[in-house]
**Student:** 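Take a look at the following structure, please.
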Amino acid sequence: MPLERTFYFYEENAETYANRARSLPKQQLDAFLAGLAPGAAILELGCGGGQDSAYMLAHGFDVTSTDGSAELARKAEVLIGRPIRVMLFQELDADSAFDGVWAQASLLHVPRPELPAVFARIRRALRTGGIIHATFKAGDAEGHDGFGRYYNYPSAEWLSELLTKVGWRNITISESDRGGYDGKPTRWLVVGAQR
């Protein structure tokens, strides 16, 4: 199973990962929040150490935080002082419950064959007109990084086609170069779309 080593990495390295020196993606967060009404309901998929959730909560939004790693969820709970739901993306079963979904560097671990169904679940979880923000490491084929973590490594064209097929609209995908946890230069895809 491609995700076993990925889960193991986050469970075993939760303390280090949650407390790493990480710059908030403030520009992306602010742009995402600007597209929502004050106090809007946001679902964060893959909250990691909880820093992004903390930022959104501090700005008055109603944030539901989730992560697939029970250990990371515990670390995030300490930071934000609220419970984190431990769940896989494939377990999302909400219906028209959120105005926005924040998925910063998390959906990139979903196996390619499962991405259409996961995006359909996310779309269903959003209210009509709701928005998603997601980031992916760009590439042409799925694979693993030096830590053994699985990545789906999509191209912008591949992602755009997938999102269109499952009914998303107003799709935007921009690209930027910056690093990741592994310290290697990375081409990132920044995805925005609307239900």
**Student:** Distance-only check: which donor-acceptor pairs under 3.5 Å involve side-chain atoms of residues 35-48, not counting sequence neighbours?
**Tutor:**
unit_1: E44; atom_1: OE1; unit_2: S53; atom_2: N; d: 3.3
unit_1: E44; atom_1: OE1; unit_2: S53; atom_2: OG; d: 2.4

**Student:** Please report the C-alpha distance between W158 and L115 in whole Å, then the side-chain angles of each, then the deciding distance to 0.1 Å, and finally whether the side-chain contact (heavy atoms from CB on, under 4.5 Å) criterion is met.
**Tutor:** CA-CA 11 Å; W158 189 88; L115 259 180; 3.8 Å; yes
**Student:** With no hydrogens and no angle check, is any side-chain donor or acceptor of E114 less than 3.5 Å from a backbone partner on P111?
**Tutor:** no
**Student:** If I take atom CG from residue L72 and atom CD from residue E77, how far apart are they, to the nearest 0.5 angstrom?
**Tutor:** 11.0 Å
**Student:** Can you get from L162 to L126 by hopping between Ile, Leu, Val, Met, Phe, Trp and Tyr side chains that sit under 4.5 Å apart?
**Tutor:** yes
**Student:** Would you mind reporting whether D30 and Y55 have side-chain heavy atoms less than 4.5 Å apart?
**Tutor:** yes
**Student:** Tell me the closest heavy-atom pair linking I171 and A193, and the distance in Å.
**Tutor:** CG1-CB, 4.0 Å
**Student:** Heavy atoms only: give me the nearest A94-A97 pair and the separation to one decimal.
**Tutor:** CB-CB, 4.1 Å
**Student:** Less than 4.5 Å apart, any side-chain heavy atom of L107 and any of I122?
**Tutor:** yes
**Student:** Would you give the length of the straight line joining atom CZ of R124 to atom CG of D95, rounded to the nearest 0.5 angstrom?
**Tutor:** 6.0 Å
**Student:** Compute the centroid of each ring, for H109 and then for Y151, and state whether the two points are separated by less than 6.0 Å.
**Tutor:** yes
**Student:** Identify the heavy atoms of R121 and L92 that sit nearest to each other, and give their distance.
**Tutor:** NH1-O, 2.5 Å
**Student:** Are V190 and F136 connected, step by step, through hydrophobic side chains (Ile, Leu, Val, Met, Phe, Trp, Tyr) whose heavy atoms are closer than 4.5 Å?
**Tutor:** no
**Student:** Using a strict threshold of under 4.0 Å (side-chain N to carboxylate O), is an ion pair present between E71 and R74?
**Tutor:** yes
**Student:** Would V86 and L79 show up in the same hydrophobic cluster when neighbours are defined by side-chain heavy atoms closer than 4.5 Å?
**Tutor:** no
**Student:** When you compare the side chain of K75 with that of I84, does any pair of heavy atoms fall below 4.5 Å?
**Tutor:** no
**Student:** May I ask you to check whether D145 and Y153 show a side-chain donor-acceptor distance below 3.5 Å?
**Tutor:** no
**Student:** With a 3.5 Å distance limit and no angle check, can you tell me whether D67 reaches the backbone of A73 through a side-chain donor-acceptor pair?
**Tutor:** no
**Student:** If you measure from CH2 on W102 to CZ on F61, what distance do you get to the nearest 0.5 Å?
**Tutor:** 11.5 Å
**Student:** Just how far is it from atom CD of Q27 to atom OG of S176, taken to the nearest 0.5 Å?
**Tutor:** 9.5 Å
**Student:** Rounded to the nearest 0.5 Å, how far does CG of L163 lie from CG of N170?
**Tutor:** 12.0 Å
**Student:** If we ignore hydrogens and angles and just use 3.5 Å, is the side chain of Q194 paired with the main-chain N or O of G129 as donor and acceptor?
**Tutor:** yes
**Student:** Please tell me if the side chains of L29 and H59 come closer than 4.5 Å, counting only heavy atoms from C-beta onward.
**Tutor:** no
**Student:** Is it true that atom CG of D140 has more than 12 heavy atoms of other residues, nucleotides or ligands lying nearer than 6.0 Å?
**Tutor:** no
**Student:** With side chains defined as the heavy atoms from C-beta onward, is the minimum distance between W188 and K137 less than 4.5 Å?
**Tutor:** yes
**Student:** Could you state whether V166 and I173 fall into the same hydrophobic cluster, counting links through intermediate Ile, Leu, Val, Met, Phe, Trp or Tyr residues with side-chain heavy atoms under 4.5 angstrom apart?
**Tutor:** yes
**Student:** Distance-only, no hydrogens or angles: does the T135 side chain make a donor-acceptor pair with backbone N or O of Q104 under 3.5 Å?
**Tutor:** no
**Student:** So do L24 and D52 actually touch side chain to side chain, heavy atoms under 4.5 Å?
**Tutor:** yes
**Student:** M87 and F89: same hydrophobic cluster, using ILVMFWY side-chain contacts below 4.5 Å?
**Tutor:** yes
**Student:** Do E157 and E161 touch side chain to side chain, with heavy atoms closer than 4.5 Å?
**Tutor:** no
**Student:** Would you say the side-chain atoms of R178 pair up with the backbone N or O of R187, donor to acceptor, closer than 3.5 Å?
**Tutor:** no
**Student:** Looking at S155 and L189, what are the two nearest heavy atoms and their distance?
**Tutor:** C-CD1, 3.8 Å
**Student:** Is R123 reaching over with its side chain to a backbone N or O of R195, donor-acceptor style, under 3.5 angstrom?
**Tutor:** no
**Student:** How close do G50 and I80 get, heavy atom to heavy atom, and via which atoms?
**Tutor:** O-CG2, 3.5 Å
**Student:** Kindly assign one of parallel, tilted or perpendicular to the pair W168 and F119, based on the angle between their ring planes and the thresholds 30° and 60°.
**Tutor:** perpendicular
